[in-house]
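All values derive from a computational prediction rather than experimental measurement. Within every chain, numbering begins at 1; the chains are lettered A, B, ... in the order of the sequence lines, protein sequences first and strands thereafter. Note: hydrogens, waters and symmetry copies are ignored here, and every other heavy atom, side chains too, is used.
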Number of protein chains: 2
Amino acid sequence: MSRRLTPRGKERRAQLIDYATKRFATDGYHPTSVADIVDGLGVGKGVFYWYFASKEELFIEILRTSQRDMRRRQQRAIEGVDDPVRRVELGIRAGVEWLAANNDLRRLFEFARTESTFAGSMKAGQSVLVSDAVVHLKEAIVEGRIPDRDPEALAWAILGVSNQLIHVYIDGDSMDAPQIADTVVDFCMEGLGVRR
Amino acid sequence: MSRRLTPRGKERRAQLIDYATKRFATDGYHPTSVADIVDGLGVGKGVFYWYFASKEELFIEILRTSQRDMRRRQQRAIEGVDDPVRRVELGIRAGVEWLAANNDLRRLFEFARTESTFAGSMKAGQSVLVSDAVVHLKEAIVEGRIPDRDPEALAWAILGVSNQLIHVYIDGDSMDAPQIADTVVDFCMEGLGVRR
DNA sequence: AGCGAACTAGACCGGTCGGTCAAGAAGGTT
DNA sequence: AACCTTCTTGACCGACCGGTCTAGTTCGCT
């Protein structure tokens, strides 16, 4: 699906994406029908299928552009920083802040990972983030700044901590984004801090 | 829903739960219809509604009993162990091994967290696990074995690492459960191991 | 003003959904 | 054998699903 869109058309399309994102995030993808979306916007069903080939296509589009946006933010946050450990930290903070600011999308990501139709698309996107992180982790290992362990596993672990703490503390809104970022960074840098 | 069940009835019920769990895990909760379940078992639809009041009730029952089972396994793994740090480690290992061995259920948990209908039930169950862990973490802090940080956040972080690494390495079957457990324990105990 | 492209409304379609129900088979107890 | 409870069948129901389509309106351009 790809049409020539006038400014008016682009805005409609954006409207549909925004509203659908919210509904998907609050009610779930399956329970939200196309009729719900167009009714909520007060437009006819034809509008939806003018801009999107299917409900599924819309959802995948939301996932793709969101993942791209998050990665961009992370890259902007670390550009020009020499210290690899510092780059990891800034990457974590940028990621946490993006996910906290786009909680709707975070929820969509969580769901998308659970259904085979979307899992592939999600895994691909996440793998990109992990590869990004692996570069810095490897550098940190080479420089002897952190012990030599599988950098990919470390990157996934970081992602896991970030997602979990945001999920708990944003949805339970008992912490703001910077506080969560502090907690995540702290745990990722030294874990429980057990002396062994 | 609760009926007097003969042994035969109990087995039917278990059959339904087993098969539905697998279908829910592979195809998703919504895409799996009640008709799919009974057809897959070669029985009539009435059978399903003889044992369960609704599709939703069945799903919640699966979640409840699974969470209980996982917690039991964790408790059995740490009973009689004096060292709180060791208890945390054994709890992590037991949790990881349970989730790896019951990957179907792990996927269901992942989905259940994303839909408002089931999120409450899931959160409650997870909170219990966290409270369990918090007890040992507090003790470890008091004994000076680990630095004094919010034990609840630590517990959630541990849960996040466990879920993420199992998700990645079991579904991509490139590691077995004990290896994953090692990796999780390692990360949780000392994180990236940054010297600060 | 006129025309084609962009956009919109909403009735409509076939299919599927979760759930019901009447009828009867199977099994245990007396 | 008679009888009651447990269990099973599958046709059926109304609701709703994603998606189509036709008839039209609005807009930008010449």
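- Between the side chains of Arg12(B) and Gln15(B), at least one donor N or O lies within less than 3.5 Å of an accepting N or O.
- In this structure, His30(A) atom NE2 and dG18(C) atom P are separated by 12 Å, rounded to whole Å.
- At a threshold of 4.0 angstrom between heavy atoms, the contacts of Val43(B) are confined to the sugar-phosphate backbone, with no base atom among them.
- Side-chain N/O atoms of Ser33(B) include one lying less than 4.0 angstrom from OP1 or OP2 on dC17(C).
- Aromatic pair Phe24(B)/Phe111(B): centroids not less than 6.0 angstrom apart.
- Of the residues in residues 4-22 of chain B, those placing a heavy atom less than 4.0 Å from an atom of DNA chain D are Arg4(B), Leu5(B), Thr6(B), Arg8(B), Gly9(B), Arg12(B), in numerical order.
- The pair Glu143(A)-Lys138(A) does not count as a salt bridge, with every side-chain nitrogen at least 4.0 angstrom from each carboxylate oxygen.
- When rounded to the nearest whole Å, the span between CG of Asp36(A) and P of dG19(D) equals 14 Å.
- Under 4.0 angstrom from either OP1 or OP2 of dT8(D) there lies no side-chain N or O belonging to Trp50(B).
- The nearest whole Å value for the distance from the CG atom in Leu58(B) to the P atom in dG18(C) is 11 Å.
- Annotation: salt bridge (charged side-chain N to carboxylate O under 4.0 Å, His left out) contacts of Asp176(A) (sequence neighbours excluded): none.
- Note on Lys55(A): only backbone sugar-phosphate atoms sit closer than 4.0 angstrom, heavy atoms only; bases stay farther off.
- dG18(C) atom C1' lies 6 Å from atom NZ of Lys45(B), rounded to whole Å.
- Donor-acceptor pairing under 3.5 Å is recorded for the side chains of His30(B) and Glu115(B).
- Atom CD1 in Ile37(A) sits about 13 Å away from atom C1' in dG19(D), given to the nearest Å.
- For Asp39(B) and dT16(C), the CG to P distance is 12 Å, given to the nearest whole Å.
- Here Phe48(B) lies out of heavy-atom contact (under 4.0 Å) with every strand.
- Side-chain contact check for Asp36(A) and Ser33(A): at least one donor-acceptor pair (N or O, by modelled atom type) lies under 3.5 Å.
- Per the geometry, CZ belonging to Phe52(A) stands 15 Å off P belonging to dT20(D), to the nearest Å.
- The distance between atom OH of Tyr51(B) and atom P of dG19(C), rounded to the nearest whole Å, is 18 Å.
- Of all nucleotides listed (dC17(C), dT9(D), dG19(C)), dG19(C) comes nearest to the side chain of Tyr49(B).
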| field | Verdict with supporting geometry, Asp171(A) and Lys123(B), salt bridge (Lys or Arg N to Asp or Glu O under 4.0 Å) | value | CA-CA 11 Å; Asp171(A) 284 359; Lys123(B) 194 106 181 179; 5.5 Å; no

